[in-house]
Peer 1: 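Just dropping this structure here.
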2 protein chains.
Amino acid sequence: MTFDRIDLKILDILQHDATVPVARIADQVGLSQTPCWKRIQKHEETGVIRARVALLDPQAIGLSLTVFVMVEAVAHTTQWRAEFLCVVDTLGPVRDVYRLAGGHDFMLRVVVPDMAAFDRFYKDLTARIRLRSMNSVFALETMRTTTALPLGDLMAG
Amino acid sequence: MTFDRIDLKILDILQHDATVPVARIADQVGLSQTPCWKRIQKHEETGVIRARVALLDPQAIGLSLTVFVMVEAVAHTTQWRAEFLCVVDTLGPVRDVYRLAGGHDFMLRVVVPDMAAFDRFYKDLTARIRLRSMNSVFALETMRTTTALPLGDLMAG
DNA sequence: GCTGAAAATACTAATAC
DNA sequence: GTATTAGTATTTTCAGC
C-alpha cells in the first residue's frame, strides 16, 4: 500500500471532519468528484479508514475522570495475556489497552464519572485477575486530545 | 444538561458508527424520524457531539510507533504550563496532552513512524523547553483502543 | 486515469395532528 | 411526541472520453 499526496490530503480532511461533502474534498485536492469518491471508497474497503464516528464531550456527559492504570503481569505468558485481555474487555470503563516495554507490562486508559466509579472498577479488576502490581495515575486535566494522525509529517518527509 | 435513555442510546449509536442514517437510529430508539433528528441536532449545537471524524488505521499509514512521554516541569507555574503547551502544540507527533496527579506532571501520547522519528521529536522537544525530567514509555502493541465513551455504565446506574 | 450527468438515497424544514 | 410532505443536498452509479 502506498499513498500519494492526494490520498494523504483526502485522509487528512476526513480525519478532522467527516461531514465535508465529497464535492468539496475533490475541490480541495484538485480532483473531480468521481475519482475522489473512488479513492475514498477504496480506503474504506481496504480498512485505511477504519470507521466514521461521532466524538462526544466527556464532561458534558458526566464522564470527567480519566485514569491511566499501569499493570504488572503475574506471569509473562501468552495465556496470562489472553486472560488479562478477556477480563478487561468485560470491564466497561476500559477504553485503551497498551502492552508496554519497560517496567510496567500494560497500561489501561480508564474513563469513569467519578472516584466512586473508579473504585468499583478497581475492585472488579482485582477480583477477577491476580496482578503483580497496579499503579493508577490520575489525569487532572486533558489539555489536548485528538484522534487525527500526524499525516503532515509524512507529506513533508 | 440531562440525558434520558433515548438520548444516551442515540449518542451511543453515533459514537460507534456515524454513518447510520437518522431513519434507522429513530427505529432503534423507538422514535419517529423528526424528533430523533431534532435531538441529534440539539446535541450538535450544544457541543455534546464535538465532531464527526474518520478514524484511520495507523499501521496502514506507517505510523506504527506509539510512545507515552512522562514529563516533570521545571517550575510549577501558570507561565511554565502555558509555555510547555505552546511548545508541544508546535510538535507534530503529539496527539494528547494530560496534566497528571502524582510524581509526573504531564503525559504526552506521541505517534511517529519509527524510532528515528521519535528521536527527532525528542531532540525538538528538549531543544525548545527545559524539563526537570522526561521518561519515555514505549507501546509494544495497541491491544484495544476506542474513542467511544462508556455510556452503557450510565444507563445501568 | 478523467468528465459529466442521471438515479437513488438521505437530510432538512415545514406542515398539521 | 407523530405523520406526512416537499425541497435540497449528497451519495452513488453509469455512461463516454
Side-chain angles (χ1 to χ4, degrees), chain A residues 1-57 60-62 146-149 151-152 154-157, chain B residues 1-57 60-62 146-149 151-152 154-157:
Chain A
M1 285 184 213
T2 172
F3 305 95
D4 59 15
R5 289 244 157 65
I6 293 177
D7 281 316
L8 292 175
K9 210 164 175 185
I10 290 172
L11 293 172
D12 202 32
I13 292 170
L14 285 175
Q15 74 172 343
H16 283 101
D17 184 1
T19 68
V20 180
V22 179
R24 202 182 311 164
I25 298 174
D27 226 44
Q28 290 187 28
V29 303
L31 238 55
S32 62
Q33 190 166 331
T34 306
C36 183
W37 180 81
K38 280 185 179 173
R39 283 179 187 240
I40 295 172
Q41 200 66 9
K42 194 190 67 186
H43 295 321
E44 306 234 17
E45 282 166 10
T46 58
V48 177
I49 296 177
R50 287 192 313 165
R52 291 159 179 261
V53 302
L55 300 179
L56 308 183
D57 180 2
I61 299 173
T146 180
T147 59
L149 299 174
L151 301 185
L154 295 178
M155 296 172 77
Chain B
M1 283 184 213
T2 172
F3 305 96
D4 60 15
R5 288 242 157 64
I6 293 177
D7 280 316
L8 291 175
K9 210 164 175 185
I10 291 172
L11 293 171
D12 202 32
I13 292 169
L14 285 175
Q15 74 171 343
H16 283 101
D17 184 1
T19 68
V20 180
V22 178
R24 201 183 311 163
I25 298 174
D27 228 43
Q28 291 186 28
V29 303
L31 238 55
S32 62
Q33 191 165 332
T34 306
C36 184
W37 180 79
K38 280 185 179 171
R39 282 177 187 242
I40 295 172
Q41 201 66 10
K42 193 192 69 187
H43 294 321
E44 306 235 16
E45 283 166 7
T46 58
V48 177
I49 296 176
R50 287 191 315 165
R52 290 158 179 263
V53 302
L55 300 178
L56 309 182
D57 180 2
I61 299 173
T146 180
T147 58
L149 299 175
L151 300 185
L154 295 179
M155 296 172 77

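Computed from heavy atoms alone, side chains included, the values below leave out hydrogens, waters and symmetry copies. Just so it is clear, the structure is predicted and the values come from calculations on it, not from any experiment.
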Peer 1: Do the side chain of A:Arg5 and the main chain of A:Met155 share a donor and acceptor less than 3.5 angstrom apart?
Peer 2: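 Checking the backbone N and O of A:Met155 against the side chain of A:Arg5, a donor-acceptor pair under 3.5 Å is found.
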Peer 1: Please state how far atom CD1 in B:Ile40 lies from atom C1' in C:dA13, giving the value in whole angstrom units.
Peer 2: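 Between C1' of C:dA13 and CD1 of B:Ile40: 15 Å.
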Peer 1: Which nucleotide wins on minimum distance to the side chain of B:Val22, given the candidates D:dT11, C:dC11, D:dA3?
Peer 2: C:dC11
Peer 1: Once you round it to whole Å, what is the distance between P of C:dC2 and CG of A:Asp27?
Peer 2: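 Atom-to-atom, A:Asp27 to C:dC2, this comes out as 14 Å.
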Peer 1: Which part of the nucleic acid, if any, lies within reach of A:Pro35 when heavy atoms closer than 4.0 Å are counted: base, sugar-phosphate only, or nothing?
Peer 2: base
Peer 1: Can you tell me how far P of D:dA6 sits from CD of B:Gln33, to the nearest Å?
Peer 2: 16 Å
Peer 1: Could you walk me through whether A:Ile49 and B:Leu56 pass side-chain contact (heavy atoms from CB on, under 4.5 Å), step by step?
Peer 2: CA-CA 5 Å; A:Ile49 296 177; B:Leu56 309 182; 3.8 Å; yes
Peer 1: Please report the distance, rounded to the nearest Å, between NZ in A:Lys42 and P in C:dG1.
Peer 2: 7 Å
Peer 1: Rounded to whole angstroms, how far apart are NZ on B:Lys38 and C1' on C:dT12?
Peer 2: 11 Å
Peer 1: What's A:Arg39 touching, base or sugar-phosphate or nothing? Going by heavy atoms closer than 4.0 Å.
Peer 2: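 A:Arg39: no heavy atom of the nucleic acid under 4.0 Å.
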Peer 1: Output the rounded distance in Å from CD (B:Gln41) to P (C:dA10).
Peer 2: 18 Å
Peer 1: Between A:Pro21 and B:Gly30, who's closer to the 5' end of DNA chain D by nearest nucleotide?
Peer 2: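 It is B:Gly30 whose nearest nucleotide is closer to the 5' end.
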Peer 1: Could you pull out the closest heavy-atom pair between B:Val48 and A:Ala60, with the gap in Å?
Peer 2: CG2-CB, 4.2 Å
Peer 1: From C-beta outward on B:Leu31, which listed nucleotide comes closest to its side chain: C:dC2, D:dG1, C:dT12?
Peer 2: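 Closest of the options to the side chain of B:Leu31: D:dG1.
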Peer 1: Could you check if a side-chain atom of B:Leu14 sits within less than 4.5 angstrom of a side-chain atom of B:His43, using non-hydrogen atoms only?
Peer 2: no
Peer 1: What I want to check is whether an N or O donor and acceptor connect the side chain of A:Thr34 with the base of C:dG4 at under 3.5 Å.
Peer 2: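 Yes, a donor-acceptor pair under 3.5 Å.
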Peer 1: Which nucleotide in the list C:dT12, D:dT2, C:dC11 gets nearest to the side chain of B:Trp37?
Peer 2: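 Closest nucleotide to the B:Trp37 side chain: C:dT12.
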